[in-house]
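Taking it in order: structure first as structure tokens, then the write-up.
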Amino acid sequence: MFSTTAAIIVDLQEDFTTLMNGALPVPGSDEHFIQETAECAAALKAQGCRIYGTIDWHPRDHISFYTSHPGKKAFDSIEIDGHSQKLWPPHCIQESAGAVPLVPPGLCETFITKGRNPRFDSYSGFFDDGGVATGLDDILRQNNIDTLLICGLAFDYCVKATALDAIRLGYTVIIIKELTAAVDPDSAEQAQQELTAAGVCFISAASLLF
Ligand code: VGL
Ligand code: ZN
């Protein structure tokens with residue numbers, strides 16, 4: 001029944017979790033959260049839903065790291081090419097333990113990497129800030145996917161950006177709200193409003209599992 005639906009698990013990686021004491025831990029990303037996500041995704045997969053993962057995959061000198069901007073601190077914001085960029089602690093460095101996805105082996109068909117270009121950030125799983133596609137849209141189209149269930153980290157950054165791009169690309173987008181967690185409650189509230197205005201729906205995990 002889920003033949004044209006895919007689930008996208010966004011950036012469920014060690015560095016974003018409190019469970020693994022990550023470099024940029026998102027509040028609420030504890031053992032229970034990781035387990036619930038794995039269970040829900042496994043149940044969806046058993047019903048024919050394809051599961052994909054995105055992973056943040058940064059070089060050491062990535063533009064989003066405060067360490068790449070002398071004199072700046074973590075969580076400062078700077079202007080880059082006319083947009084505001086938040087500066088993060090170094091996280092999800094390619095090949096490092098912190099970049100490892102916390103998803104059971106074999107659950108995801110593919111992991112789509114993003115944020116590989118040192119000059120551009122990429123909150124969205126579809127395009128980086130320079131407009132370069134990650135390949136996720138092509139993969140979904142090749143598999144006749146028209147509807148996306150989205151969960152993962154962080155709700156107010158990468159989940160939001162991925163969902164908004166998905167809407168622009170013409171997908172029906174449903175966020176599994178309790179299987180997301182936000183960096184900050186204020187930006188989460190704003191994200192919720194933006195997503196709703198864009199036509200994104202919200203659903204509980206329980207209502208997907210019969
Ligand atoms: C993310 C901040 C920096 C995310 C990635 O996955 O939401 N947030 N890089
Ligand atoms: Zn990042």
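None of the values given here were measured: they were computed from a predicted structure. Start at 1 and go down the list; that is how both ligands and their atoms are numbered. Excluded from the calculations below are hydrogen atoms, water molecules and symmetry mates; all remaining heavy atoms, backbone and side chain alike, are included.
Note on ring orientation: taking the six-membered ring where Trp is involved, the planes of H91 and H58 are perpendicular (angle over 60°, cut-offs 30° and 60°).
The distance between the ring centers of W88 and Y157 falls below 6.0 angstrom.
To the nearest 0.5 angstrom, E31 atom CD is 10.0 Å from M20 atom CE. The structure places CG of D121 at 4.5 Å from OG of S64, a figure rounded to the nearest 0.5 Å. The distance from the CG atom of D81 to the CG atom of D129 is 9.0 Å, given to the nearest 0.5 Å.
Side-chain heavy atoms closer than 4.5 Å link hydrophobic residues (I, L, V, M, F, W, Y) into clusters, and following such links, even through other members, never connects I51 to L148.
Of all protein N/O/S atoms, those lying under 2.8 Å from the Zn ion (ligand 2) come to 3.
D138 and R141 are not joined by a salt bridge, as no carboxylate oxygen comes within less than 4.0 angstrom of a charged side-chain nitrogen.
With F2 as the aromatic partner, K45 does not meet the cation-pi criteria of under 6.0 angstrom to the ring centre and within 45 degrees of the ring axis.
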Anything under 3.5 Å between an N or O on ligand 1 and a protein N or O? List each pair with its distance, or write none.
residue	atom	partner	partner atom	Å
ligand 1	6 (O)	D11	OD2	2.6
ligand 1	6 (O)	L153	O	3.3
ligand 1	7 (O)	A154	N	2.9
ligand 1	7 (O)	C158	N	3.1
ligand 1	9 (N)	D56	OD2	3.0
ligand 1	9 (N)	H91	NE2	3.1

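Remark: the D165 side chain and the S124 side chain contain an N/O donor-acceptor pair separated by less than 3.5 Å.
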